[in-house]
J.: 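The structure that follows is given in the form of structure tokens.
Every chain is numbered from 1 and lettered A, B, ... according to where its sequence line falls, protein lines coming before strand lines.
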Amino acid sequence: MVFDVLRRYLEYSGYAVTFVKNFTDVDDKIIKRANEQGVSCDTVTSKYIQAYHEDMGKLRIRAATEEPKATEHIADIIHLTERLINKGLAYVVDGDVYFEVSQYPEYGRLSKRRLEDLQAGARVDVDERKRHPMDFALWKSSKSGEPAWESPWGPGRPGWHIECSAMSIRHLGETFDIHGGGMDLIFPHHENEIAQSCGATGKEFARYWIHNGFVQINKEKMSKSLGNFFTIREIFEKSEWSEAVTGEILRYFLLSTHYHGPLDFSDQALKEAKNALNGFYDLFNRLKETAESGGGDGGSLQTAIERSKKSFTQAMDDDLNTSAAVAALQGLRSDMNKLLRVGLSTEDRQTARQAFRSFGVVLGLFQLDRWDFNVRIVPKPAQLVLETFPPTVMVTKQMVEAEIDGKVAERIEAKKRRDFKRADDIRAELKSLGIALEDKPDGTTRWKR
RNA sequence: GGCGCCGUACCCAAGUGGUAAGGGAGCAGUCUGCAAAACUGCGAUGCAGCGGUUCGAACCCGCUCGGCGCCUCCA
């Protein structure tokens with residue numbers, strides 16, 4: 001999501017962005033899984049790629065310009081490998097091709113590692129056919145039962161790093177601007193990409209590298225062994241909020257910290273993100289209403305928007321400081337509320353809402369028309385015990401709007417009669433359905449889910 | 001052992017030399033039949049600890065402590 005925001009901000013700033021996301025659709029794990037299930041690798045990968053797209057969609061992460069797959073670039077990979085062999089940076093052993101790190105003096109520049117240090121840490125089971133323990137495979141000869149492609153070195157498949165170099169060069173050219181990834185990829189993956197690409201082309205590979213920090217769970221790392229591992233999918237399945245709202249909350253939460261640092265995930269953190277977003281959407285609801293009193297001060301509105309725009313872009317320009325950028329929007333929210341107390345014309349309200357929308361496009365926030373955070377009603381625990389399939393049955397219960405409006409009107413009548421008991425009962429009834437009421441000074445009532 | 005990221009109030013979090021943004025929660029007040037929302041006020045003499053440099057340090061230097069990542073055919 002960090003890179004989605006980066007892309008959005010670059011576009012907001014007037015750049016034309018080509019965003020390429022590489023998929024590795026052949027490796028040991030995939031082959032193993034395909035064999036276990038008795039299906040093709042393609043079946044396995046397309047299933048996961050589809051699931052990935054679904055999850056990204058829920059987070060409103062935009063699709064990349066290109067999403068190349070390794071298996072669709074075998075020719076590019078072979079060509080790149082040949083270039084490296086011709087330059088004396090790679091060698092062939094029994095149908096395998098290895099990159100020779102000792103022939104590439106810059107190796108270790110990105111990760112600030114020296115080959116000597118790496119040797120000390122290298123583990124025991126070094127392939128003896130390699131000239132240096134850190135040499136890595138560009139091409140692997142195929143064993144029986146593995147998918148294979150023809151190559152000058154015999155049937156085989158690409159190594160583990162070459163595909164990214166080949167695909168980047170194909171879709172972005174030999175030199176491009178920004179390469180991103182998790183911090184765990186710095187070594188060896190990104191280091192190897194540089195070695196392969198610069199080695200072959202003699203040109204710079206990526207001008208800038210951006211690495212994001214990790215998600216932790218309650219201050220612990222997320223891992224299967226600790227049993228605290230979960231997926232985005234599960235967050236959505238377990239969420240008591242609607243999908244659109246959950247996606248927004250997740251985005252807000254992820255934006256609340258700098259991409260570089262660790263991010264501690266917890267129910268409380270999500271709750272806080274939701275509460276903060278409530279404040280924004282409450283404001284948006286008020287901005288949607290037509291001005292009952294008119295008047296207002298369009299001048300201070302423009303001033304407030306300009307001021308927040310300045311802080312917002314300053315923050316984003318400063319290494320994508322989304323936390324400070326969000327703070328700028330909170331400042332705007334506060335300013336808007338103050339202006340609204342004084343009174344803003346209907347037109348000014350639309351201007352204000354539009355300002356939030358345009359900042360929101362950059363962060364992927366504030367685009368929802370309704371903030372229906374209570375739409376999903378989770379079944380009672382007793383029902384969950386039943387071995388139903390799917391195990392968690394989500395029941396969606398929504399009152400039709402006309403019905404709610406009727407109740408609200410009835411309550412206003414009750415209030416006029418000063419029958420506060422009846423009024424409170426209606427409010428309680430609606431609350432149990434997740435509908436909150438707010439009485440406005442003019443005697444009307446606004447409701448929200 | 002080597003290379004990194006991080007440690008700021010109850011919680012989240014910005015701030016890389018000029019005297020601690022912002023949000024959430026909480027408390028008090030305004031408004032209100034009550035509530036909700038909004039607004040106003042309160043809230044770290046201190047930024048993991050110790051020492052140093054400086055007129056001045058959360059920020060620079062050194063050491064220590066704590067959390068996490070990488071150093072491996074997961075990409």
Side-chain angles (χ1 to χ4, degrees), chain A residues 22-30 70 96 108 110-114 116-127 133-134 136-137 140 159-161 163-164 181-193 211-216 218-223 252-253 255-264 266 268-283 285-286 311 315 318 321-334 336-342 414-415 418-421 423-424 427-428 431 436-441 445-448:
Chain A
N22 297 345
F23 283 101
T24 298
D25 58 347
V26 56
D27 70 6
D28 289 343
K29 262 190 180 171
I30 293 167
D96 291 344
L110 178 71
S111 54
K112 294 180 192 152
R113 282 161 217 264
R114 293 174 308 168
E116 306 87 78
D117 295 336
L118 293 170
Q119 261 179 289
R123 247 195 345 194
V124 280
D125 52 339
V126 175
D127 188 333
M134 291 317 297
F136 55 91
K140 285 189 74 174
W160 309 274
H161 309 290
E163 56 203 47
C164 287
M183 280 196 309
D184 54 337
L185 297 178
I186 294 173
F187 191 90
H189 186 55
H190 292 158
E191 194 69 59
N192 291 355
E193 277 189 61
H211 293 105
N212 60 277
F214 292 102
V215 175
Q216 302 179 91
N218 298 322
K219 303 279 183 197
E220 286 180 311
K221 73 166 175 177
M222 182 156 102
S223 77
Y252 190 93
F253 166 63
L255 290 166
S256 69
T257 186
H258 192 94
Y259 74 84
H260 217 259
L263 181 67
D264 197 50
S266 66
Q268 193 197 333
L270 283 192
K271 192 77 195 298
E272 286 181 4
K274 195 210 106 183
N275 286 344
L277 278 168
N278 274 349
F280 281 103
Y281 276 96
D282 278 344
L283 169 62
N285 281 337
R286 260 169 272 136
S311 331
D318 182 13
N321 191 338
T322 52
S323 183
V326 167
L329 299 186
Q330 284 163 341
L332 182 61
R333 182 194 132 204
S334 174
M336 290 296 179
N337 274 324
K338 280 170 212 163
L339 289 172
L340 215 43
R341 302 192 97 213
V342 182
K415 278 176 65 179
R418 302 195 68 79
D419 181 359
F420 297 124
K421 172 75 173 64
D424 290 348
R427 185 165 60 196
K431 193 183 175 190
L437 301 184
E438 282 176 35
D439 293 336
K440 298 197 287 183
T445 298
R446 91 167 52 89
W447 60 269
K448 63 176 182 180

J.: Donor-acceptor check, side chain of A:Glu191 to backbone of A:Ser111, threshold 3.5 angstrom: yes or no?
T.: yes
J.: Do A:Glu163 and A:Thr24 come within less than 4.5 Å of each other through their side chains, counting heavy atoms only?
T.: yes
J.: Below the 4.0 Å mark, does B:rA75 have OP1 or OP2 next to a side-chain nitrogen or oxygen of A:Trp160?
T.: yes
J.: Heavy atoms from C-beta onward define the side chain here; which of B:rC70, B:rA75, B:rA38 lies closest to that of A:Asn337?
T.: B:rA38
J.: How is A:Asp27 classified with respect to the nucleic acid when contacts are heavy atoms under 4.0 Å: base, sugar-phosphate, or nothing?
T.: sugar-phosphate
J.: Pick out the pairs of N or O atoms, protein on one side and nucleotides 15-17 of chain B on the other, that lie under 3.5 Å.
T.:
unit_1: B:rG15; atom_1: OP1; unit_2: A:Asn321; atom_2: ND2; d: 2.7

J.: What is the separation between atom CE on A:Met183 and atom C1' on B:rG67, rounded to the nearest whole Å?
T.: 13 Å
J.: In whole Å, I'd like the distance from the CD1 atom of A:Ile186 to the P atom of B:rA75.
T.: 18 Å
J.: Using the closest heavy atom to pick a nucleotide of RNA chain B for each, name whichever of A:Asp28 or A:Thr257 lands nearer the 5' end.
T.: A:Thr257
J.: In whole Å, I'd like the distance from the CG atom of A:Leu263 to the P atom of B:rC12.
T.: 11 Å
J.: For nucleotides 26-33 of chain B, read 5' to 3', which letter fits each nucleotide if B means a protein heavy atom sits under 4.0 Å from the base, S means only the sugar-phosphate is that close, and - means neither?
T.: -------B
J.: Measure the shortest side-chain to side-chain distance between A:Arg446 and A:Arg286 over non-hydrogen atoms and say whether it is less than 4.5 angstrom.
T.: yes
J.: Would you kindly give the CZ-to-P distance between A:Phe187 and B:rC3, to the nearest whole Å?
T.: 14 Å
J.: When rounded to the nearest 0.5 angstrom, what is the spacing between NZ in A:Lys440 and OG1 in A:Thr445?
T.: 8.5 Å
J.: Find out whether A:Phe214 and A:Asp184 are in side-chain contact, i.e. whether some heavy atom of one side chain is under 4.5 Å from a heavy atom of the other.
T.: yes
J.: How does each nucleotide of nucleotides 19-24 of chain B score, in 5' to 3' order, for protein heavy atoms under 4.0 Å: base (B), sugar-phosphate only (S), or none (-)?
T.: --BSBS
J.: Using atom P of each nucleotide, how far apart are B:rA9 and B:rG46 to the nearest Å?
T.: 13 Å
J.: Which pair of heavy atoms, one from A:Asp28 and one from A:Trp160, lies closest together, and at what distance?
T.: OD2-NE1, 4.4 Å
J.: Atom CZ of A:Phe420 and atom NZ of A:Lys415: how far apart are they, to the nearest 0.5 Å?
T.: 7.5 Å
J.: Can you tell me how far C1' in B:rG23 sits from the matching atom in B:rC60, rounded to whole Å?
T.: 31 Å
J.: Between P on B:rU72 and NZ on A:Lys29, what's the gap in Å once rounded to a whole number?
T.: 17 Å
J.: Just jot down the ring pair (Phe, Tyr, Trp, His ring centres under 6.0 Å) partners of A:Phe253, sequence neighbours excluded, or say none.
T.: A:Phe265
J.: Looking at every heavy atom in both A:Ala328 and A:Ser311, which two are closest together, and how far apart are they?
T.: CB-CB, 3.7 Å
J.: From B:rC70, B:rA75, B:rC5, pick the nucleotide closest to the side chain of A:Pro262?
T.: B:rC5
J.: Say we look at B:rC68 and B:rU30: how far apart would their C1' atoms be, to the nearest angstrom?
T.: 47 Å
J.: For the CD1 atom of A:Ile186 and the CG atom of A:Leu110, what is their distance to the nearest 0.5 Å?
T.: 6.0 Å
J.: Starting from P on B:rA25, measure out to CG on A:Leu270 and report it in whole angstrom.
T.: 15 Å
J.: Taking the C1' atom in each of B:rC47 and B:rG15, what is the distance between them to the nearest angstrom?
T.: 10 Å
J.: Rounded to whole angstrom, note down the C1' distance from B:rA13 over to B:rA58.
T.: 14 Å
J.: Which heavy atom of A:Gln216 sits nearest a heavy atom of A:Pro262, and at what distance?
T.: NE2-CB, 3.2 Å
J.: Taking NE2 from A:His211 and P from B:rC3, how many angstroms apart are they, rounded to a whole number?
T.: 18 Å
J.: Please list, pair by pair, any protein nitrogen or oxygen found under 3.5 Å from a nitrogen or oxygen in nucleotides 60-62 of chain B.
T.:
none

J.: Only Watson-Crick and G-U wobble pairs with both distances less than 3.5 Å should count. Give RNA chain B in dot-bracket notation, marking inter-strand partners with |.
T.: ((((((((.[[[..)..(...]]].(((((.......))))).....[[[[[..)....]]]]])))))))....
J.: Where the side chain of A:Lys338 is defined as all heavy atoms beyond and including C-beta, which of B:rA75, B:rU40, B:rA37 is the nearest nucleotide?
T.: B:rU40
J.: Using the side chain to side chain contact (heavy atoms under 4.5 Å, CB included) rule, take A:Asn285 and A:Glu438 through it: C-alpha gap first, then chi angles, then the decisive distance, then the call.
T.: CA-CA 11 Å; A:Asn285 281 337; A:Glu438 282 176 35; over 6 Å; no
J.: Between B:rA44 and B:rA20, how far is it from one P atom to the other, in whole Å?
T.: 12 Å
J.: If you look at every heavy atom in A:Cys164 and A:His189, which pair is closest and at what distance?
T.: SG-NE2, 3.4 Å
J.: Output the distance between atom OH (A:Tyr281) and atom NZ (A:Lys274), rounded to the nearest 0.5 Å.
T.: 13.5 Å
J.: Counting the atoms with a prime plus P, OP1 and OP2 as sugar-phosphate, which does A:Leu185 contact under 4.0 Å by heavy atoms, base, sugar-phosphate, or nothing?
T.: base
J.: Using the P atom as the reference point in each nucleotide, state the distance between B:rU45 and B:rC10 in Å, no decimals.
T.: 9 Å
J.: Taking atom C1' in both B:rA21 and B:rG43, what distance in whole Å separates the two?
T.: 15 Å
J.: Angle class for the A:Phe136/A:His161 ring planes (parallel below 30°, perpendicular above 60°, tilted otherwise)?
T.: perpendicular
J.: Grab the two heavy atoms, one from A:Thr257 and one from A:Leu263, that are nearest each other, plus how far apart they are.
T.: CG2-CD1, 3.0 Å
J.: Please find the pair of heavy atoms, one from A:Asp264 and one from A:Ala269, that lie closest to each other, and give the distance.
T.: O-CB, 4.1 Å
J.: Can you tell me how far apart CG (A:Asp424) and CG (A:Asp419) are? Round to the nearest 0.5 Å.
T.: 9.0 Å
J.: Between A:Phe214 (CZ) and B:rC6 (P), how many Å, whole number?
T.: 13 Å
